[in-house]
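The next block holds one structure in the form of C-alpha cells; read it before the comments.
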Amino acid sequence: MNRQTFAFNEVVDQAAIKPAAQLYQALVPGVIRLGVNNVFGNIGDAWTSINLVLQAKPRAALNMGMRTAVNSVLGLGGVLDVAEEAGLERFTSEDLGQTLGFWGIKSGPYLVIPFIGPSNLRDSAAWLLEINDSPVGRIWQEPRDHNPAMALQLLNTRANLLNAGRVFDEIALDKYVLLRDAYLSRRRSQIYDGEPPEDEANGPAAFKKQLAPR
C-alpha cells in the first residue's frame, strides 16, 4: 500500500507540483522568495515555541518565543529575519508529532500519505489535529485567504526541495526505500534532540554484551 501511494505521489509531483515549484522559482525574484520563506519560517517558530512548552523545555521555548516576537515586530511580520542577526538562531523545529514522541507515544507503522508523503501513525494523527487548528489557519481564517496561503506554502516548500530531489533521483537505486529510511532516521533524531539512544539490538551495548564473559 505504501509503495502504491508513493508511486501515486510521484506522478502527482512530476505532473503538477514540481513544475509549479520550478515556475515559481523561475518567475519570482529571489529576494521575494526569501521573504516568503522567512514569513512561513516565523509562523513555524511560533508553533515550535508552543510545542517546546508542551515538552517542558522552558529555556528553548523562551529562545524561540523571543525569536518569533523580534521577527514579528522588527522584521515586518517575519519578512526579515532580524532575530538571526541579533543572535537568536533557529536551533530546532518542533511539531505535535515530536511532542507526542517526547512523552513516549510510539511512532507506530510507517505510512505514506497521499499528497503529503512519508509519515507514521503517530505523526499522521498529530498532523490531522494540526491541520484543523494550524498557525496558518489562525492567521488567514477566511477561505479566500487561507487557501492561497496554503498553496503558497506548498510551492515554497517544494521549491526549497528541488535541489534535494535532484540528489535523490541521481543516487537512489530504490527511491522509496531511501526516502523511508531517511524519514525514519530523521524523525528519531528530532524526537531525541539529535541524541537518540543506542539500538539495544544492534548497537555498541549489544556488542559489549556479546563480548562479556559468560
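No experiment lies behind these values; they were computed from the predicted model shown.
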Interatomic distance, T5 atom OG1 to I116 atom CD1 [nearest 0.5 angstrom]: 12.0 Å
Can you measure from OG (S93) to CG (N51) and round to the nearest 0.5 angstrom? 9.0 Å
Checking N120 against D123: is there a side-chain donor and acceptor pair closer than 3.5 Å? yes
CA sep, side-chain torsions, deciding dist, call: V39, N37, side chain to side chain contact (heavy atoms under 4.5 Å, CB included): CA-CA 6 Å; V39 168; N37 194 62; over 6 Å; no
L162 vs Q25, side chain to side chain contact (heavy atoms under 4.5 Å, CB included): CA-CA, chis, key distance, verdict: CA-CA 10 Å; L162 285 174; Q25 189 179 64; 3.4 Å; yes
Can you list the residues that meet the side chain to side chain donor-acceptor pair (under 3.5 Å) rule with S49, with sequence neighbours excluded? none
Under a 4.0 Å N-O cut-off, is there an ion pair linking R67 with D45? yes
Show your reasoning for whether side chain to side chain contact (heavy atoms under 4.5 Å, CB included) applies to F6 and N2. CA-CA 6 Å; F6 173 79; N2 280 337; over 6 Å; no
T48 side chain vs G44 backbone, donor-acceptor pair below 3.5 Å: yes
Assess whether a salt bridge exists between R90 and E84, defined as any Lys/Arg side-chain N lying under 4.0 Å from an Asp/Glu carboxylate O. no
V36 and L154: same hydrophobic cluster, using ILVMFWY side-chain contacts below 4.5 Å? no
Answer yes or no: is there a donor N or O on one side and an acceptor on the other, between the side chain of N160 and the main chain of N156, under 3.5 Å? yes
Donor-acceptor contact present, side-chain N42 to main-chain N71, <3.5 Å: no
For R186, is the CZ atom crowded, meaning more than 12 foreign heavy atoms sit under 6.0 Å from it? no
Among pairs that include at least one residue of residues 77-118, which meet ring-ring contact (aromatic ring centres under 6.0 Å, His included), considering only residues two or more places apart or in two chains? F8-F115
Look at the side chain of R158 and the backbone N and O of A21, then say whether any donor-acceptor pair between them is shorter than 3.5 Å. no
